[in-house]
Amino acid sequence: MKIFYIDLDGTLLKKPDYNFTSTDVKALKKAQERGAKFGIASGRSHVEIDYLEREHGLTSNLTIGLNGMVVKKDQDLIISKLDQEVLDVLLKHNIEFEAQDGGNRVFSSQEEHDFIPKVLGTNMFVTRELEKFDIKKIVIRQLFNERPLDEIKGIIEGACSARYNYFCIDNKTIEIVRKDVSKGNAIKEHFSDSEVIAIGDSHNDREMILLADQGYIMRNALPELREELKGRGAIEIGDVFEAVEVEIADIKGVLFDLDGVIADTAKYHYLAWREVAKRYDIELCEGFNENLKGVSRRESLEKILGIKNIVLPEEEFKSVLKEKNELYINYLEELGEDSILPGIKEFLIDLKRSNKRVAVASASKNAPYILEKLELLKYIDYIADPGSIERGKPEPDIFLDAARGIGLKTDEVVGIEDSQAGVDALYRANMLSIGIGDLRNSLYNLESTGELLDKKTRRLIFKG
Ligand code: BG6
Ligand code: MG
């Protein structure tokens, strides 16, 4: 069983307004439907967490406080016995104290607290009440005690068994902390037979990320921490849903776009269209060209002419299309091994080796020709034919056809796209997508195809 063990502030709760995002909530609900468990590891108290659960309808299967205390498991509030060992000594020597639970909620022998209404005042009462909570940390403040620090230190030293550490924080404060407490230890203690996926963003989460079977570190974490954890196997993510989707996906095949994903040919389309557009006094720029990516030849020309509201008679329109394609084919003369984008060949070899199915879903009618020229046909099980598909990207049709072509369901494939139209098509097809470049609606974006060989994609597709 997989268990997602997630920090709240800065991770599941997004800065600056500390709110859940609906994509994260949806992904976690989906994970739960598929039998995974979801736990919160946070310094917040269970009261706040209950509220968050009620607000967003997402139930934590277990809630663990900052110091590793299990606050809640499924529906039960966990009440474990307070370890009396140290407290007995403190009480015997009349040393007053504060005790903290995993959520850093403070119970003191002097202050009133909403958990222990009114009747505070005597140590004994506090102690009895505290038995309800799993106290992880006791803080002794000189403030409460007229006694010299050394005397208190001596008493504590005697009281501390192998299970405790004590620290003199300053000359007014001593902390006694159980050695086994931390979010990380709680993982080992409670979920040794599950596959733990830990997601966090701060130093408090460091240990749990390292101890998990797979750790994820948020991009908003401090650079030093992020780099350290990445160096030790953690995966960097921008949003929680990325990690959840990567972990629960069961990918059996990959759908590739061609131009700009497999082959470095997007630039030739652009050059050819620029030449054609010039004849109509239209100056194409790279920004506008983004709207042409993934779009069919015919529709591309309509968009270009639309800049100047030009409508051509069908005959002329067709001859311009032909001309553009001839220009494009001329550029393709330059095609060679170097035109395969970084990492693609290795990635295709890995897919073949792992028995994953591969389809190409490109709007280009030149796809078979290009793939043959690049000697990549042997890695590809199916090429969708854009000529037989009525609605182009961003409609989902070509990707649905491609998945069907390799005999897979929509949730068994992931698409790789460099165009917004393509990512939108995958989104509408209900398929996961990896974007190359800065795109919306994708599961995650990579700066270049070379990153397809990095850990996140490997984990998504090969589960390795
Ligand atoms: C897509 C390209 O892959 O194919 C578009 O991103 C292109 O720029 C479209 O217009 C159609 O290609 P072709 O080769 O059939 O003109
Ligand atoms: Mg493309």
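In each ligand, atom 1 is the first atom listed, and ligand 1 is the first ligand listed.
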*Asks:* Among all protein non-hydrogen atoms, which one is nearest to atom 16 (O) of ligand 1, and what is the separation to 0.1 Å?
*Replies:*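 Atom 16 (O) of ligand 1 sits closest to the protein heavy atom R297 NE, 2.7 Å.
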
*Asks:* Quick one: which ligand 1 atoms are inside 4.0 Å of a heavy atom on S300?
*Replies:*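 Listed by number with element, the hits are 10 (O).
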
*Asks:* Report, rounded to 10°, the angle at the Mg ion (ligand 2) between the two atoms OD1 (D418) and O (D259).
*Replies:*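 OD1 of D418, the Mg ion (ligand 2) and O of D259 span an angle of about 90°.
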
*Asks:* Provide, to 0.1 Å, the distance between atom 1 (C) of ligand 1 and the closest protein heavy atom, together with that atom's residue and name.
*Replies:*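 The closest one turns out to be D259 OD2, 3.3 Å.
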
*Asks:* Spell out, as yes or no, whether a donor-acceptor pair under 3.5 Å connects the side chain of D24 to the backbone of F241.
*Replies:*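 Yes: the side chain of D24 pairs with the backbone of F241.
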
*Asks:* Between E334 and S339 (side chain of the first, backbone of the second, donor and acceptor by atom type, cut-off under 3.5 Å), is there such a pair?
*Replies:*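 No, the answer is negative, given that no donor and acceptor are paired below the 3.5 Å cut-off.
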
*Asks:* Can you list the ligand 1 atoms lying under 4.0 Å from a non-hydrogen atom of K293?
*Replies:*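 Atoms satisfying the 4.0 Å criterion: 6 (O).
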
*Asks:* Would you call K463 and E247 a salt bridge, taking side-chain N to carboxylate O under 4.0 Å as the test?
*Replies:*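 No, K463 and E247 are not salt-bridged.
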
*Asks:* For N366, is at least one N or O under 3.5 Å away from an N or O on ligand 1?
*Replies:*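 Between N366 and ligand 1 (N or O atoms, distance only) the closest approach is under 3.5 Å.
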
*Asks:* Salt bridge check: are D257 and K293 linked by an N-O gap of less than 4.0 Å?
*Replies:*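 No.
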
*Asks:* Considering heavy atoms of the protein only, find what lies nearest to atom 15 (O) of ligand 1 and give residue, atom and distance to 0.1 Å.
*Replies:*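 Sorting protein heavy atoms by distance from atom 15 (O) of ligand 1 puts K365 N, 2.7 Å first.
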
*Asks:* What's the shortest distance from atom 13 (P) of ligand 1 to any protein heavy atom, and which residue and atom give it?
*Replies:*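 Sorting protein heavy atoms by distance from atom 13 (P) of ligand 1 puts S364 OG, 3.5 Å first.
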
*Asks:* Identify which of S296, S362, G294 has a heavy atom lying nearest to atom 6 (O) of ligand 1.
*Replies:*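 Shortest heavy-atom distance from atom 6 (O) of ligand 1: G294.
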
*Asks:* Are any side-chain N or O atoms of S433 and backbone N or O atoms of G435, one a donor and one an acceptor, separated by less than 3.5 Å?
*Replies:*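 Checking the backbone N and O of G435 against the side chain of S433, no donor-acceptor pair under 3.5 Å is found.
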
*Asks:* Report the nearest protein non-hydrogen atom to atom 10 (O) of ligand 1: residue, atom name, distance rounded to 0.1 Å.
*Replies:*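 The answer is V295 O, 2.8 Å.
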
*Asks:* Under 30°, 30 to 60°, or over 60°: which ring-plane class applies to Y331 and Y268, parallel, tilted or perpendicular?
*Replies:*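 Parallel.
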
*Asks:* Hey, which N, O or S atom on D257 ends up closest to the Mg ion (ligand 2)?
*Replies:*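 The closest N, O or S atom of D257 to the Mg ion (ligand 2) is OD2.
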
*Asks:* Measuring from atom 11 (C) of ligand 1, which candidate in G422, A367, A363 has the nearest non-hydrogen atom?
*Replies:*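 Checking each option, the heavy atom nearest atom 11 (C) of ligand 1 is found in A363.
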
*Asks:* Can you check whether L351 reaches F256 side chain to side chain, under 4.5 Å on heavy atoms?
*Replies:*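 Touching, per the 4.5 Å side-chain cut-off.
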
*Asks:* What protein heavy atom sits nearest atom 8 (O) of ligand 1, and how far away is it?
*Replies:*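 Nearest neighbour among protein heavy atoms for atom 8 (O) of ligand 1, to 0.1 Å: L292 O, 3.5 Å.
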
*Asks:* Tell me whether the NZ or CZ atom of K324 lies within the 45° cone about the ring axis of Y328 and under 6.0 Å from its centre.
*Replies:*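 Judged by the rule, K324 and Y328 form a cation-pi pair.
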
*Asks:* Determine whether L255 and V360 make a side-chain contact, defined as any pair of heavy atoms from C-beta on separated by less than 4.5 Å.
*Replies:*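 No. Closest side-chain heavy atoms not under 4.5 Å.
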
